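Note on naming: letters A, B, ... go to the chains in the order of the sequence lines (proteins, then strands), and numbering restarts at 1 for each one. As the structure is a computational prediction, the values presented were derived from the model and not from experiment.
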Amino acid sequence: MSRPFVLTTPIYYVNGLPHIGHTYSTVVADTLARYHRLAGEDVYFQTGVDEHGEKVQAAADAAGETPQAYTDRISGQWQATWDALNLSHDRFFRTTEAESKAAVQVMAQRVWDAGQIEFREYEGLYCVGCERFLTDRDMEGGLCKDHEKAPEPRREANYFFKMSEHFSWLAETLEENPDFLQPTRYRNEVLAMIREGSGLEDLCISRPKERLSWGVPLPFDEDYVCYVWFDALVNYLTGCGWPNEPGWEERWRECTHLIGKDILKPHGIYWPTMLHAAGLPLPKGIRVHGHWQIEDRKVSKSLGNLIDPLVMKERYGFSPFRYFMLREMSFGLDSSFAEDAMIERTNAHLANALGNLFSRTLNMTARYSDATVPTPGPTGDEEARVRQAAADAATAVDKHLRAFETHLALEALFRLVDAANRYVDHREPWKAAKDPEREEEVRTTLYTCCQALRAIALLLAPFLPDAAVTMLERLGIPDALDTVVLPADGERWDALLPGTPTTKGDALFPRLELIEDA
RNA sequence: GGCGGUGUAGCUCAGCCGGUUAGAGCGACGGUUUCAUAAGCCGUAGGUCCCCAGUUCAAGUCUGGGCACCGCCA
């Protein structure tokens, strides 16, 4: 049994459709999952949707649908989007599935049995229009921001998870396991939140059914449903097979959660303390990425500046968008998305550097070697340098991807592309080809270029799977990905055999021009 | 208001424990080549390392203060 690699994306809330933020999370996870598969690991990659709660119920009411019909429709669109983008998740998790609801109830029961849930009555300011209690943030001048009416004091009783009892344990755990929550900045942020208390208390985990029926009933009180995170977070555990499937714990201990910084608190605090209260082990770790700004403004629906991945795909193909996201964002930090920047960068890297290398190599192979991988003659220092560049790229891609640093991995990979371009220029096979006495030298040069392209295609496969497959097909080894083991095979020079037929084909990455909004 | 982060070439960013003339990619500019997607390759461009003060033989790199932006909390 090979080593398990388990990766989850956030469980996206279905009150809207995927935009660049969701797409980024899922694409990074997809890239990691693809890499680890190529490394021969036993990968389980899960994404999914969170379908319960007030907003879904409200949206369904507004649409004149039942919540189930509404979420079937919206969740279907999420699934269809990921399918259209060729993402390779092993499971699309829905919190309305029977398995999920059952698991949530087991979890709630466990925490209840452990004496970690308490029934409490409290008073708050309730807005009838919103059908919920308001926080300071929801009000302005004592009025509900949405309804511009004064909320009324109301008493309600709910179940609370005694989260604060676990804060010192959590702080210790984070201190002792610095790798659990990374990058460090976010670990520090969580520690700060716990340390100063800062309003973090016990967590309300229920809603009375009369007020919210769209949820999972609490097993110990049928008049209440689970609320928000206590329902949603369990998906990660359920996806690993908990509580009934044999082997769930092995998978769980290798599970990494990839999240955006907006949901740091639920994942960095709620979730570990819930698991601890339930007597369950922690997953392997949490990795936090930053946010995309759109032309330096914040992504928000009200600004109408969400980037729809399907629109990007339609305009430019998905590869440039995917490449830009993976290459531009330093993992953990915020980045800015702009269509013109995407075009500029992908033209430089994909069209000019890689696409052109591919094109010139296959063209010369067709012209000077009868469209087959040539038999090389003796090799020298220059060939050795290209081969070393491939080995270096394979090592670097492995190292950086295991740290989730897709931008550094791609940077390293493109150093190989650059090395190959320099190599061709220096060897000048188009000149050598005019001299019959240098025929062997031409064969050696083109052979080296073909091997380099094979290495590039293999290492590119996690990042741009479609392009990699096209490259391998044209290099005459369409099934290469089925047997490869990275990073070791990235530097193999004997897997693409002389005599293998190659195909020139159209531009791998056509140069792009900005398409203005209508 | 509290806590934290960020502020380095036009743009995006590297710069670990303080130490030779501050780096990379992209863009720009010049040169060169023709196998190739008007692509490639070579070279150049000189930015008060946000500001002020301090510690030190020596500070983007440490300390204090200030400014700007961002995040979390209130």
Check your understanding: Taking the P atom of each, how far is B:A45 from B:A38, in whole Å?
Key -> 29 Å
Point to revise | Centroid-centroid distance, A:H400 to A:F331, less than 6.0 Å | key: no
Exercise for review: Taking the six-membered ring for Trp and the single ring otherwise, decide whether the centroids of A:Y236 and A:H267 are under 6.0 Å apart.
Suggested key: yes
**Study point:** Atom pair distance, as rounded to whole Å: NE2 in A:H407 and P in B:C26
**Key:** 16 Å
**Study point:** Presence of donor-acceptor pair under 3.5 Å, side chain of A:N352 and base of B:A39
**Key:** no
Review point. Between A:D50 and A:K55, is the closest basic N to carboxylate O distance under 4.0 Å?
Key: no
Check your understanding: Strictly under 6.0 Å, is that where the ring centroids of A:Y323 and A:Y316 end up?
Key -> no
Exercise for review: Could you classify B:G10 for me, syn or anti, using a glycosidic angle within 90° of 0 as syn?
Suggested key: anti
Review point. Closer to the 5' end of RNA chain B via nearest nucleotide, is it A:F358 or A:R185?
Key: A:R185
Check your understanding: Can you check whether A:N188 has a side-chain N or O nearer than 4.0 Å to OP1 or OP2 of B:G4?
Key -> no
Review point. If we take the C1' atom in both B:G19 and B:A59, what is their distance in whole Å?
Key: 9 Å
Check your understanding: Using the C1' atom in both, what is the distance from B:G18 to B:U33, to the nearest Å?
Key -> 46 Å
Exercise for review: Assign each of A:S359 and A:D334 to its nearest nucleotide of RNA chain B by heavy atoms, then name whichever residue's nucleotide is nearer the 5' end.
Suggested key: A:D334
Point to revise | Separation of the C1' atoms in B:G4 and B:A58, to the nearest angstrom | key: 31 Å
Check your understanding: Looking across every strand, which nucleic acid part, if any, lies under 4.0 Å from A:N347 by heavy atom: base, sugar-phosphate, or nothing?
Key -> nothing
Review point. When all nucleic acid strands are considered with a 4.0 Å heavy-atom cut-off, which category describes A:L362: base, sugar-phosphate, or nothing?
Key: nothing
Review point. What distance, rounded to whole Å, do you find between the two C1' atoms, one in B:U63 and one in B:U20?
Key: 26 Å
Point to revise | Euclidean distance for C1', B:A9 against B:U44 (whole angstrom) | key: 14 Å
Practice item. Give me the one residue out of A:H166, A:E165, A:Q116 that meets side chain to side chain donor-acceptor pair (under 3.5 Å) with A:H276. Key: A:H166
**Study point:** Proximity to the side chain of A:K504 - top-ranked nucleotide from B:U37, B:U12, B:G71
**Key:** B:U37
Exercise for review: Write down the distance separating the C1' atoms in B:G10 and B:G46, rounded off to the nearest Å.
Suggested key: 14 Å
**Study point:** Nearest-Å distance once atom P is located in both B:G64 and B:C73
**Key:** 26 Å
